[in-house]
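Here's the structure, in structure tokens; my notes come after.
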Amino acid sequence: MQRILTLITVLSAFVSYSNAQITSFTDYQYEEHPVFMLEDSDPIGHLQQLDIEFPMDMEDKKVLAKIQQQLIDTLLHDHFHTTQLDVAMAKYWNIEPDKIKRKSVYPSILQNDADEYFDYNGVHNIHFEHLCGRTSYNQNGLYIMRHHYTWYDYGSHHYPSTQYFAFDTRTGKMVHFLDIFSEYHWDNKRLTIYDISYYIQEALSRKFPEISLQHWMDASFTITQTSLVLHYTHDTLGCWADGEQEVEIPLNTAKLFLNPDWKHLFE
């Protein structure tokens with residue numbers, strides 16, 4: 001009888017996590033490249049580019065709407081009070097909504113979202129902004145988007161940034177990696193306390209020995225088949241010139257620190 005109850009519990013949990021998965025996406029795309037000439041004949045323009053895989057469907061429409069709205073607000077650093085990315089982008093860039101192109105099926109072959117993906121058409125003195133979004137993880141009650149953003153308004157260099165935005169698809173809540181992984185794990189057999197900061201800081205020290213570890217918790221994250229990946233943007237663990245940093249914690253280590261509500265994540 002106990003085995004039957006356990007099986008029912010496991011199956012119920014599986015159905016719950018499956019129902020919480022985002023089931024379809026739309027690829028929103030936009031590119032505007034007006035160019036005009038100054039008196040000294042230097043080409044000038046403002047380039048705006050968008051290529052974002054946006055969540056469009058799941059069983060719980062209220063949770064989906066919550067994720068959509070939070071994702072838009074996070075991408076654009078403002079509150080547009082809408083679940084439609086084209087509407088928000090139109091206001092953000094002061095363009096018409098119908099200029100945002102949508103594809104009903106996201107392409108199976110994805111272009112690289114690095115800076116080289118964007119074609120500046122030979123324009124040198126240019127203001128530009130581009131936003132990319134790719135689904136990084138979408139299962140077991142967790143959705144993660146990898147967002148790559150670049151902005152330039154003259155100066156010595158542009159400002160690129162990569163972040164991961166994570167959402168609990170059971171509740172729609174945006175989550176930090178420490179919402180899923182506890183800082184400590186108590187091993188009853190060995191009577192030992194394990195500290196997740198030890199593993200993260202050790203990995204950072206090995207890979208980036210000159211980097212400050214003061215803000216090790218200020219990471220966005222994603223999950224691969226083998227690792228918990230922690231990503232740090234510019235200025236987080238060092239100066240701007242140090243660039244972005246990324247370390248991987250093996251899943252066998254990371255799973256020790258899963259909070260009770262996320263024990264299913266690596267099963």
Side-chain angles (χ1 to χ4, degrees), residues 17 53 71 74-75 110 112-117 131-150 157-169 173-267:
Y17 303 140
E53 181 185 21
L71 190 52
T74 305
L75 288 167
L110 306 182
N112 183 10
D113 65 354
D115 294 340
E116 291 76 13
Y117 165 49
L131 300 90
C132 275
R134 298 280 183 266
T135 296
S136 177
Y137 189 89
N138 179 33
Q139 55 185 304
N140 299 325
L142 182 64
Y143 171 72
I144 303 175
M145 172 184 279
R146 180 182 188 273
H147 173 54
H148 180 73
Y149 171 83
T150 300
H157 59 77
H158 64 304
Y159 292 87
S161 179
T162 300
Q163 287 182 283
Y164 292 92
F165 303 141
F167 297 88
D168 184 336
T169 53
K173 180 182 177 182
M174 195 171 189
V175 291
H176 182 264
F177 83 92
L178 285 180
D179 295 323
I180 298 176
F181 299 91
S182 301
E183 290 192 56
Y184 304 101
H185 164 65
W186 171 254
D187 189 324
N188 289 320
K189 292 182 179 179
R190 299 183 180 181
L191 301 180
T192 302
I193 295 178
Y194 294 94
D195 182 353
I196 196 171
S197 68
Y198 167 79
Y199 295 99
I200 295 173
Q201 293 187 46
E202 184 182 55
L204 284 169
S205 296
R206 285 198 306 267
K207 193 171 182 181
F208 310 103
E210 305 301 321
I211 294 296
S212 167
L213 304 180
Q214 181 180 359
H215 302 290
W216 68 270
M217 285 191 282
D218 296 338
S220 59
F221 76 101
T222 191
I223 296 169
T224 69
Q225 292 184 341
T226 59
S227 305
L228 164 66
V229 179
L230 300 176
H231 186 90
Y232 298 86
T233 60
H234 294 270
D235 291 327
T236 304
L237 299 179
C239 68
W240 177 268
D242 289 322
E244 300 186 303
Q245 294 88 31
E246 194 168 270
V247 294
E248 298 185 17
I249 306 300
L251 290 189
N252 286 339
T253 298
K255 71 187 302 182
L256 296 175
F257 297 92
L258 285 170
N259 286 322
D261 198 36
W262 290 96
K263 289 294 185 184
H264 65 279
L265 198 57
F266 302 145
E267 292 177 354

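Position 1 is the first residue of the sequence; numbering continues from there.
Under the ring-ring contact (aromatic ring centres under 6.0 Å, His included) criterion, F165 pairs with H147, sequence neighbours left out. For H176, the ring-ring contact (aromatic ring centres under 6.0 Å, His included) criterion is met by no residue, not counting sequence neighbours.
In this structure, the side chain of D168 does not engage the main chain of L142 through any donor-acceptor pair within 3.5 Å. Listed for the N138 side chain is no donor-acceptor partner under 3.5 Å among the backbone atoms of Y143. Checking side-chain atoms of E244 against main-chain N and O of T162 turns up a donor-acceptor pair under 3.5 Å. Between the side chain of N259 and the backbone N or O of D261 there is no donor-acceptor pair closer than 3.5 Å. In this structure a side-chain-to-backbone donor-acceptor pair under 3.5 Å is present from Y232 to W216. With hydrogens and angles disregarded, no donor-acceptor distance shorter than 3.5 Å links the side chain of T150 to the backbone of P160. S220 places no side-chain N or O within 3.5 Å of a backbone atom of Q163 that could act as its donor or acceptor partner. Checked by atom type and distance alone, the side chain of S227 never pairs as donor or acceptor with a backbone atom of T224 at under 3.5 Å. A donor-acceptor pair under 3.5 Å is absent between the side-chain atoms of E246 and the main chain of H231, judged by distance alone. The backbone N or O of Y137 lies less than 3.5 Å from no partner atom in the side chain of Q139, so there is not a single donor-acceptor pair.
Between I144 and A166, the closest heavy-atom pair is CG1-CB, 3.8 Å. When all heavy atoms are compared, the tightest approach of S182 to I196 is O-CG2, 3.7 Å. Residues T233 and S161 come closest through the heavy atom pair CG2-OG, 3.7 Å. Nearest heavy atoms, L204 versus V247: CD2-CG1, 3.4 Å. Closest of all the heavy-atom pairs between M217 and F177 is O-CE2, 3.5 Å. The minimum heavy-atom distance between D195 and E183, with the atom names listed, is OD1-O, 3.3 Å.
Rounding to the nearest 0.5 Å places OH of Y164 at 5.5 Å from OG1 of T222. Atom OG1 of T226 is separated from atom CD1 of I249 by 11.5 Å, given to the nearest 0.5 angstrom. Atom-to-atom distance recorded for F167:CZ and M174:CE is 4.5 Å, nearest 0.5 angstrom. Within the model, atoms CG of L228 and CG of N252 stand 12.5 Å from one another, a figure rounded to the nearest 0.5 Å. Note: I180 CD1 to W262 CH2 = 4.5 Å, rounded to the nearest 0.5 Å.
Under the salt bridge (Lys or Arg N to Asp or Glu O under 4.0 Å) criterion, the residue pairs touching residues 199-227 are E202-R206, with sequence neighbours excluded.
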Please report the C-alpha distance between V229 and I223 in whole Å, then the side-chain angles of each, then the deciding distance to 0.1 Å, and finally whether the side chain to side chain contact (heavy atoms under 4.5 Å, CB included) criterion is met. CA-CA 6 Å; V229 179; I223 296 169; over 6 Å; no
